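Some notes on the structure that comes next.
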Amino acid sequence: MASKAKTPAQRAAATRKANAAKAKATKQGGKGARIGAARQAVRDDLMIARLAQGWTWPMVAEEAGLSVPGAKKAVAARREAAPMKLAMDPVKIVEQTMEGYVASIASFEALAVAAVHDTNWAAAVGAKKGANDARQKILALLQATGRLPQDMGQLRHLMDLRMLAQQMVAAVDGFEAAVEAGGDPAVEAARVRATFHRLIGFDEEQAVQETVEGDAEEEPEALPA
């Protein structure tokens, strides 16, 4: 006896039921579920972290919604795709860590903006705190690698030295420009010396006087006969 054809309402109900079952399976990460590459990477990283915490393979597989062989295969593939070996270049490790912190700041700031638009103030504050924590980690990393002094008070001395060097370079550039424009080299040189003396703490008037006296003590060139 032929089965009775389903009505449109019955077919629609069956379709909704099938879609709901599929969505539930995908959400739970069950067998046969298709998840995005990003979610899969997070899942595999979590499995690796669980193994480091002492979890057994059955426990890890159950949390991930996989069979034990499937979990082992996924972990092996993840480790091969993103190896972290002792022989890895230390500089590369630091660079990747720095890139991760910078990316985290951008992500947290974007989350904070989105939370403010949604008037979710708790989430906004949490995201800003995450961004600030990443900035603190960047400073700690720079100090640990010697890029910043451990005593941040020393940074002012470095900034002063940089400003001093910039002003000295500007004085030399000014000398060259003045001479090229037809200025007296002796006068311009005296101005540069006076600038250098002032920058390193000498009295400017004394520096100019010493320069003038030094020029006066030089013997004049003999006139041609």
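Being a predicted model, the structure only gives us computed values, none of them experimental.
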Within the structure provided, determine whether [X] and [Y] are in side-chain contact (heavy-atom separation under 4.5 Å).
{"X": "Glu188", "Y": "Arg191", "answer": "yes"}
{"X": "Asn132", "Y": "Phe108", "answer": "no"}
{"X": "Glu63", "Y": "Leu46", "answer": "yes"}

Determine, step by step, whether Gln167 and Thr195 satisfy the side-chain contact (heavy atoms from CB on, under 4.5 Å) criterion, reporting the C-alpha distance in whole Å, the side-chain angles of both residues, the deciding distance to 0.1 Å, and the verdict.
CA-CA 9 Å; Gln167 293 184 19; Thr195 301; 5.9 Å; no
Is there a donor-acceptor pair closer than 3.5 Å between any side-chain N or O of Asp118 and the backbone N or O of Asn120?
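Checked: no pair found.
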Is a side-chain donor or acceptor of Gln150 paired with a backbone partner of Gln143 at a separation under 3.5 angstrom?
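Yes; judged by distance alone, with no hydrogens or angles, the pair exists.
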Is Glu80 salt-bridged to Lys73, cutoff N-O under 4.0 Å?
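No, Glu80 and Lys73 are not salt-bridged.
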Minimum-distance pair of heavy atoms, taken over all atoms of [X] and [Y]:
{"X": "Val192", "Y": "Ala171", "result": "CG2-O, 3.7 Å"}
{"X": "Pro58", "Y": "Val68", "result": "CA-CG2, 4.0 Å"}
{"X": "Pro185", "Y": "Val179", "result": "CA-CG2, 4.1 Å"}
{"X": "Ala124", "Y": "Ala115", "result": "N-CB, 3.5 Å"}
{"X": "Ala64", "Y": "Met47", "result": "CB-SD, 3.6 Å"}
{"X": "Asp44", "Y": "Ala74", "result": "OD1-CB, 3.6 Å"}

More than 12 heavy atoms from other groups under 6.0 Å of CD on Glu62:
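12 or below, so no.
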What do the steps show when you test Val172 against Met168 for side-chain contact (heavy atoms from CB on, under 4.5 Å), and what is the final call?
CA-CA 6 Å; Val172 174; Met168 286 184 169; 5.8 Å; no
With clusters defined by side-chain heavy atoms of hydrophobic residues (ILVMFWY) lying less than 4.5 Å apart, directly or transitively, does Val116 cluster with Val113?
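Val113 and Val116: separate clusters.
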Using the rule given for side-chain contact (heavy atoms from CB on, under 4.5 Å), can you reason through Met98 versus Leu142, listing the C-alpha separation, both sets of side-chain angles and the distance that settles it, and then say yes or no?
CA-CA 9 Å; Met98 177 67 74; Leu142 291 174; 3.7 Å; yes
Given the rule in the side-chain contact (heavy atoms from CB on, under 4.5 Å) test, do Trp57 and Val75 qualify, once you have shown the distances and angles that lead to the verdict?
CA-CA 11 Å; Trp57 277 109; Val75 168; 3.9 Å; yes
Test log, rule salt bridge (Lys or Arg N to Asp or Glu O under 4.0 Å), inputs Lys129 and Asp133
CA-CA 6 Å; Lys129 183 179 184 301; Asp133 289 343; 3.2 Å; yes
NZ on Lys72 to OG on Ser67, rounded to 0.5 Å:
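These two atoms lie 10.0 Å from each other.
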To the nearest 0.5 Å, what is the distance between CZ (Arg50) and OG1 (Thr56)?
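Rounded to the nearest 0.5 Å, the CZ-OG1 separation comes to 12.0 Å.
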